[in-house]
Amino acid sequence: DRLIFMGVGALTDFGALIARPSTLLLGAAAQFGIFATLIGAILLNFVPGFDFTLQDASAIAIIGGADGPTAIFLASRLAPDLLGAIAVAAYSYMALVPIIQPPIMRALTTPEERRVVMQQLRPVSQLERILFPFVVLLLCALVLPSAAPLIGMLTFGNLLRECGVVERLSRAAQNEIINIVTIMLGLAIGSKLSADKFLALETLGILVLGALAFAVGTATGVLMGKLMHRVTGGKVNPLIGAAGVSAVPMAARVVNKVGLEEDHHNFLLMHAMGPNVAGVIGSAVAAGILLALTGS
């Protein structure tokens with residue numbers, strides 16, 4: 001799972017986030033679904049047939065971050081017996097982003113808000129791109145050491161991409177390494193999907209809670225976008241808040257598609273990539289918090 005984060009970092013362009021750092025707030029707001037679902041998983045214990053520990057609930061809640069590697073990382077640490085079900089739920093909802101998100105986005109925004117045209121992002125220098133991974137890793141190591149393994153691999157992969165002197169390693173991280181690790185990870189998780197564990201009431205509960213986490217995360221991201229729209233005097237399109245979940249780049253593409261439905265000349269893809277990559281960092285931080293609070 002950490003090698004996948006290195007590949008994700010090598011594939012990710014953080015330029016949009018660097019150009020508009022305020023979109024970090026949108027990525028952070030979208031993680032609210034994780035902590036809301038943590039409470040929901042605990043409350044589900046009042047229903048006969050469910051018995052989730054705090055560690056189980058934490059592993060289930062991270063599905064709301066829409067980040068498969070993070071979900072696998074946390075589940076392997078806190079709830080290994082639920083790893084298969086959590087991985088399937090996480091990747092299933094990531095694939096369903098184009099179906100789940102648009103109705104929530106339309107319900108929480110007005111046509112006028114969806115038509116807001118945002119200013120073009122400023123150019124980002126190579127020095128800023130190189131310094132960004134170091135700053136993020138340093139802050140994470142100082143504030144939340146438990147998330148450092150994930151953030152460290154993410155920033156290392158991004159540094160390979162941006163430094164411009166190890167192109168062969170960057171290409172390997174983006175292609176061969178991430179593809180091989182994905183195949184091996186899929187086989188390993190598949191081996192844990194035995195019928196007696198997967199076809200159970202708890203698995204249904206995980207799927208329901210995962211959908212709830214994803215929906216709440218999308219909604220809180222859009223609501224934070226509406227708040228930024230008001231604070232900035234209408235300069236921010238609230239739709240980009242939905243990209244705060246870390247399904248990169250699918251969530252940003254969905255934002256762009258919904259925006260184009262209102263105005264065929266309003267392209268929001270690059271603006272949505274800011275909160276989208278912020279969501280990757282946010283989900284890793286959320287996983288670190290849960291690991292620090294509930295891990296043994």
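These values consider heavy atoms only, across backbone and side chains, with no hydrogens, waters or symmetry-generated copies. One is the number of the first residue; the rest follow in order along the sequence.
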Inset, instruction - Tell me whether Leu160 is reachable from Leu127 by hopping between hydrophobic residues (I, L, V, M, F, W, Y) whose side-chain heavy atoms are closer than 4.5 Å. - result: no
Inset, instruction - With rounding to the nearest 0.5 Å, note down the distance linking OG1 in Thr12 to CG in Leu154. - result: 6.5 Å
Legend entry - Asp67 vs Phe5 side-chain heavy atoms within contact, under 4.5 Å: yes
Inset, instruction - Give a yes or no on whether Glu261 atom CD has more than 12 heavy-atom contacts from other residues, nucleotides or ligands under 6.0 Å away. - result: yes
Legend entry - Hydrophobic cluster identity match, Val254 and Val277, side-chain contacts under 4.5 Å: no
Inset, instruction - For the pair Tyr91 and Ile72, evaluate side-chain contact (heavy atoms from CB on, under 4.5 Å) and give the outcome as yes or no after the intermediate values. - result: CA-CA 10 Å; Tyr91 280 102; Ile72 293 170; 3.8 Å; yes
Inset, instruction - Kindly check if the number of other-residue, nucleotide or ligand heavy atoms within 6.0 Å of CZ (Phe156) is above 12? - result: no
Inset, instruction - Look at atom CE of Met118 and say whether more than 12 heavy atoms of other residues, nucleotides or ligands are closer to it than 6.0 Å. - result: yes
Inset, instruction - Using the side-chain contact (heavy atoms from CB on, under 4.5 Å) rule, take Asp56 and Leu78 through it: C-alpha gap first, then chi angles, then the decisive distance, then the call. - result: CA-CA 7 Å; Asp56 293 341; Leu78 299 180; over 6 Å; no
Legend entry - Rounded distance [0.5 Å steps], CD in Glu162 versus OG in Ser170: 8.5 Å
Legend entry - For Ile63, the option from Leu209, Leu207, Thr70, Ile206 that meets side chain to side chain contact (heavy atoms under 4.5 Å, CB included): Ile206
Inset, instruction - Supply the atom-to-atom distance Leu17 CG to Thr23 OG1, rounded to the nearest 0.5 angstrom. - result: 4.5 Å
Legend entry - Whether over 12 other heavy atoms sit under 6.0 Å from Arg168 CZ: no
Inset, instruction - Using atom types as modelled and distance alone, determine if a side-chain donor or acceptor of Lys226 lies under 3.5 Å from a backbone N or O of Gly241. - result: no
Legend entry - Under 3.5 Å donor-acceptor, Glu128 side chain and Ile18 backbone: no
Legend entry - From CD1 (Ile281) to CG (Asn276), nearest 0.5 Å: 11.5 Å
Legend entry - Any side-chain heavy-atom pair of Leu227 and Leu223 under 4.5 Å: no
Legend entry - Within one Ile-Leu-Val-Met-Phe-Trp-Tyr cluster: Phe14 and Leu269, side-chain cutoff 4.5 Å: no
Legend entry - Reported CG-to-CD1 distance for the pair Leu74 and Ile62, which is rounded to 0.5 angstrom: 5.5 Å
Inset, instruction - State whether the side chain of Asn158 and the backbone N or O of Ala10 hold a donor-acceptor pair below 3.5 Å, judged by distance alone. - result: no
Legend entry - side-chain contact (heavy atoms from CB on, under 4.5 Å) evaluation trace for Phe267 with Asn256: CA-CA 6 Å; Phe267 294 92; Asn256 189 61; 4.0 Å; yes
Legend entry - Gly27 backbone acceptor or donor facing Gln31 side chain under 3.5 Å: yes
Legend entry - Note: Asp13-Arg129 ion pair, threshold 4.0 Å (strictly below): yes
Legend entry - Neighbour count >12 (heavy atoms, 6.0 Å) for atom CZ, Phe32: no
Legend entry - Over 12 non-hydrogen atoms of neighbours within 6.0 angstrom of CD in Gln119: no
Legend entry - Polar contact flag, side-chain donor to acceptor under 3.5 angstrom, Asn179-Thr182: no
Inset, instruction - Indicate yes or no for a side-chain donor-acceptor contact from Arg114 to the backbone of Arg106 under 3.5 Å, with no hydrogens or angles considered. - result: yes
Inset, instruction - Output the distance between atom NE2 (His271) and atom CD (Gln120), rounded to the nearest 0.5 Å. - result: 7.5 Å
Legend entry - Polar side-chain atom of Thr294 near backbone of Gln55 as donor-acceptor pair, under 3.5 Å: no
Inset, instruction - Provide the closest heavy-atom pair for Ser146 versus Leu291 in the form atom of the first, atom of the second, distance. - result: O-CD2, 4.2 Å
Inset, instruction - Is it possible for you to say whether Ile99 and Val258 belong to one hydrophobic cluster, with membership spreading through side-chain heavy-atom contacts below 4.5 Å? - result: yes
